Undergrad: 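Attaching a single structure in structure tokens format; questions to follow.
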Amino acid sequence: MVSERAWADAEIIWDFHQMHHEPRPCSVAVGLGSHDLGVADTTVDLYRRGMAPLIVFTGATSRTTQTRMPRGEAVHYRERALELGVPPSVVLVEPRATNTGENILFTKALLEENGVDVESILLVSKPYEERRAYATARKLWPNVEIVSASTPVTLHQYVDSIGDPRLVIDMLVGALQRLLLYPAQGFMVAVPVHDVALAAYERLCGDGFTSRLARTTAA
């Protein structure tokens with residue numbers, strides 16, 4: 001069972017992870033691979049709304065997705081986009097990235113290889129990865145404008161879709177920990193974490209929501 005206080009703390013962190021950007025037209029929409037096909041659906045929706053003329057899906061497989069997406073996250077995302085009626089000519093696939101930094105760097109290289117002039121990126125991720133993805137892109141692709149986006153869903157709706165409240169809260173905690181650790185390791189720009197979110201994070205760690213924490217010495 002998740003206590004009422006833990007739910008309240010999770011809501012604080014859920015909200016903090018989202019950048020609350022208003023979607024606007026960009027040079028390209030980049031869907032970051034994961035277990036969540038909702039990222040592909042949201043990227044397609046933004047394309048249909050005229051927010052980008054081109055889509056890049058990026059991601060290999062991970063322990064989480066190797067069974068569900070054996071052909072690779074980006075490949076499965078592309079297949080989903082085509083099922084939804086997106087023309088094949090506007091979807092590029094970057095199939096090698098295994099972390100957020102590689103998502104950004106390999107996508108940048110792919111677009112350069114294809115001669116795409118990029119001034120702005122509509123960066124589509126899971127809701128609780130928005131801020132981390134934004135901070136990573138600002139570090140590794142500093143000369144373009146980054147607009148963050150994710151599926152508009154509440155924490156409880158997302159938990160219902162995953163079916164495991166504790167796992168989702170663990171992921172929220174792990175994502176915030178990386179915002180604290182990774183700037184010093186050169187993986188992203190520094191992101192201020194306000195005191196309310198930091199206190200909620202510390203309480204959730206104390207309550208044992210720690211399965212997705214990174215080792216403090218890990219790269």
Side-chain angles (χ1 to χ4, degrees), residues 1-20 31-43 57-77 80 97-103 123-136 148-182 187-188 191 193-194 196-219:
M1 294 291 293
V2 176
S3 71
E4 185 175 341
R5 188 192 72 175
W7 275 120
D9 286 337
E11 290 275 10
I12 290 169
I13 297 177
W14 174 265
D15 184 70
F16 175 75
H17 278 313
Q18 296 175 52
M19 299 295 295
H20 304 289
L32 301 181
S34 72
H35 66 274
D36 186 355
L37 270 177
V39 175
D41 291 353
T42 296
T43 305
F57 290 127
T58 168
T61 56
S62 67
R63 287 179 298 175
T64 305
T65 61
Q66 61 187 357
T67 299
R68 184 179 179 189
M69 300 180 181
R71 294 181 298 284
E73 296 156 5
V75 172
H76 281 266
Y77 276 22
R80 176 63 172 167
T98 60
N99 57 55
T100 308
E102 289 182 351
N103 287 140
L123 193 60
V124 188
S125 67
K126 300 187 295 296
Y128 62 86
E129 291 285 0
E130 272 196 33
R131 195 169 295 270
R132 176 185 175 187
Y134 177 86
T136 303
S148 297
S150 64
T151 304
V153 63
T154 67
L155 171 59
H156 285 277
Q157 288 170 335
Y158 190 81
V159 167
D160 287 345
S161 73
I162 299 298
D164 188 338
R166 191 167 192 91
L167 174 62
V168 172
I169 297 176
D170 282 351
M171 291 190 292
L172 297 178
V173 170
L176 195 145
Q177 182 215 28
R178 285 158 176 79
L179 292 175
L180 300 172
L181 292 180
Y182 281 3
F187 299 149
M188 62 176 65
V191 176
V193 179
H194 58 67
V196 174
L198 188 59
Y201 162 80
E202 291 173 346
R203 285 192 295 268
L204 289 171
C205 286
D207 288 341
F209 292 95
T210 56
S211 75
R212 293 305 175 105
L213 292 181
R215 298 191 310 271
T216 57
T217 57

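Note: hydrogens, waters and symmetry copies are ignored here, and every other heavy atom, side chains too, is used. Not measured: the values here are computed from a predicted model.
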Undergrad: Say you draw a straight line from CD1 of I162 to CG of L167; how long is it, rounded to the nearest 0.5 Å?
TA: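 That separation rounds to 7.5 Å.
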Undergrad: Below 4.5 Å, heavy atoms only, C-beta onward: do R166 and S211 meet side chain to side chain?
TA: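 No, every pair of side-chain atoms sits at 4.5 Å or beyond.
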Undergrad: Report yes if some heavy atom in the side chain of L155 is under 4.5 Å from a heavy atom in the side chain of L172; otherwise report no.
TA: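 Yes. Closest side-chain heavy atoms under 4.5 Å.
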Undergrad: Does the side chain of L176 come within less than 4.5 Å of L180's, by heavy atoms?
TA: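 Counting from C-beta outward, L180 and L176 do come under 4.5 Å.
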Undergrad: Identify the two heavy atoms, one from V2 and one from P165, that lie closest to each other, and give their separation to 0.1 Å.
TA: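 Where V2 meets P165 most closely, the heavy atoms are CG2-CB, 4.1 Å.
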Undergrad: In a table with atom names and distances, give each donor-acceptor pair under 3.5 Å that connects a side chain of residues 31-39 to protein atoms at least two apart or in another chain.
TA:
from : atom 1 : to  : atom 2 : distance (Å)
S34  : OG     : D36 : N      : 3.0
S34  : OG     : Y77 : OH     : 3.1
D36  : OD1    : G38 : N      : 2.8

Undergrad: Does any non-hydrogen side-chain atom of D41 lie less than 4.5 Å from one of T151?
TA: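 The answer is no; the side chains never approach within 4.5 Å.
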Undergrad: Do V173 and R212 touch side chain to side chain, with heavy atoms closer than 4.5 Å?
TA: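 The answer is no, as the side chains (C-beta and beyond) never meet within the 4.5 Å cut-off.
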Undergrad: Could you tell me whether the side chain of W14 reaches within less than 4.5 Å of the side chain of V153, counting heavy atoms only?
TA: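 Counting from C-beta outward, V153 and W14 do come under 4.5 Å.
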Undergrad: Answer whether the closest heavy-atom distance between the side chains of T65 and H76 falls below 4.5 Å.
TA: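 Result no, sub-4.5 Å side-chain heavy-atom pair not found.
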Undergrad: With a 4.5 Å limit on heavy-atom distance, are the side chains of H17 and L179 in contact?
TA: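 A side-chain contact under 4.5 Å exists here.
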Undergrad: side-chain hydrogen bond (donor to acceptor under 3.5 Å, both in side chains): which pairs involve residues 123-136, sequence neighbours left out?
TA: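 Residue pairs with at least one partner in residues 123-136: E130-S150.
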Undergrad: For residues G101 and N99, report the shortest heavy-atom separation together with the two atoms involved.
TA: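 It is N-OD1, 3.1 Å.
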Undergrad: Residues in ring pair (Phe, Tyr, Trp, His ring centres under 6.0 Å) with Y201, at least two apart?
TA: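 Y201 satisfies ring pair (Phe, Tyr, Trp, His ring centres under 6.0 Å) with no other residue.
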Undergrad: Identify the two heavy atoms, one from A214 and one from R178, that lie closest to each other, and give their separation to 0.1 Å.
TA: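 Of all heavy-atom pairs spanning A214 and R178, the closest is CB-NH2, 3.5 Å.
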